[in-house]
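As structure tokens, the structure follows; a few thoughts come after it.
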Amino acid sequence: MSARKIEEQQTSQAKRVLLTFTGFHDPFANTAVAGNEQEGPVLGLLRLREFHEVVLISTPNTLRQTSQTAEAIAKRHPDLVVEQRHFPL
């Protein structure tokens, strides 16, 4: 078996964890059109890539965004494990 094939097989079996800070554009960002929202970076990435678990990291100024992002993920991806971690920087 080639080295590339072994690497592909190991990658497909690895647990994919998204470890990310939430920001002020999470879970949704306002657009130029009044009342219209666009998915934020975390939700956008989850739409494009498959993960087994998401760890959302908050700071004192992003507690609300982290909680709202976790709720939005649970609605869109009910089988995805979501953990929230707070760092009081």
Side-chain angles (χ1 to χ4, degrees):
M1 187 179 294
S2 72
R4 180 168 171 79
K5 193 70 167 171
I6 292 171
E7 182 180 341
E8 287 175 1
Q9 186 177 23
Q10 289 172 342
T11 302
S12 68
Q13 294 173 356
K15 183 176 180 180
R16 295 181 59 121
V17 178
L18 173 61
L19 178 65
T20 183
F21 281 87
T22 51
F24 296 107
H25 293 123
D26 291 307
F28 300 99
N30 291 328
T31 64
V33 179
N36 200 8
E37 292 182 321
Q38 175 180 335
E39 64 187 12
V42 174
L43 294 179
L45 184 56
L46 291 175
R47 182 175 42 79
L48 298 173
R49 303 260 187 211
E50 183 179 330
F51 293 93
H52 299 105
E53 183 177 351
V54 176
V55 179
L56 300 173
I57 302 170
S58 66
T59 60
N61 292 329
T62 60
L63 281 170
R64 184 174 54 87
Q65 287 84 357
T66 301
S67 178
Q68 291 174 344
T69 302
E71 290 174 15
I73 292 170
K75 287 180 183 175
R76 291 177 175 215
H77 308 277
D79 295 331
L80 187 60
V81 175
V82 180
E83 184 178 335
Q84 297 178 57
R85 296 288 180 145
H86 177 65
F87 286 92
L89 302 175

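Residues in residues 65-74 take part in no salt bridge (charged side-chain N to carboxylate O under 4.0 Å, His left out) pair, two or more places apart or across chains. Counting only residues at least two apart or in different chains, salt bridge (charged side-chain N to carboxylate O under 4.0 Å, His left out) contacts with residues 50-66 comprise Lys15-Glu53. Applying the side chain to side chain donor-acceptor pair (under 3.5 Å) test to residues at least two apart or on different chains, the pairs with a partner in residues 75-89 are Glu39-Arg76, Ser58-His86, Glu83-Arg85.
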message = Go through it in stages, so that I can follow the logic: the residues are Arg16 and Arg49, the test is side-chain contact (heavy atoms from CB on, under 4.5 Å), and I'd like the CA-CA distance, side-chain angles, deciding distance and then a yes or no.
response = CA-CA 10 Å; Arg16 295 181 59 121; Arg49 303 260 187 211; 3.8 Å; yes
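Residue Pro27 comes nearest to Ala72 through the heavy atom pair CB-CB, 4.0 Å, listed as atom of the first residue, atom of the second, then distance.
For the atom pair OG1 (Thr59) and CZ (Phe21), the distance works out to 7.5 Å, reported to the nearest 0.5 Å.
Hydrophobic side-chain contacts under 4.5 Å tie Val42 into a cluster, directly or through other members, with Leu18, Phe28, Leu43, Leu45, Leu46, Phe51, Val54, Leu56, Ile73, Leu80, Val82.
Under a 3.5 Å cut-off, the side chain of His52 and the backbone N or O of Val17 do not form any donor-acceptor pair.
Take Thr20 and apply the side-chain hydrogen bond (donor to acceptor under 3.5 Å, both in side chains) test, not counting sequence neighbours, and it matches no residue. Applying the side-chain hydrogen bond (donor to acceptor under 3.5 Å, both in side chains) rule to Thr22 yields the partners Thr66; only residues at least two apart in sequence or on another chain are considered.
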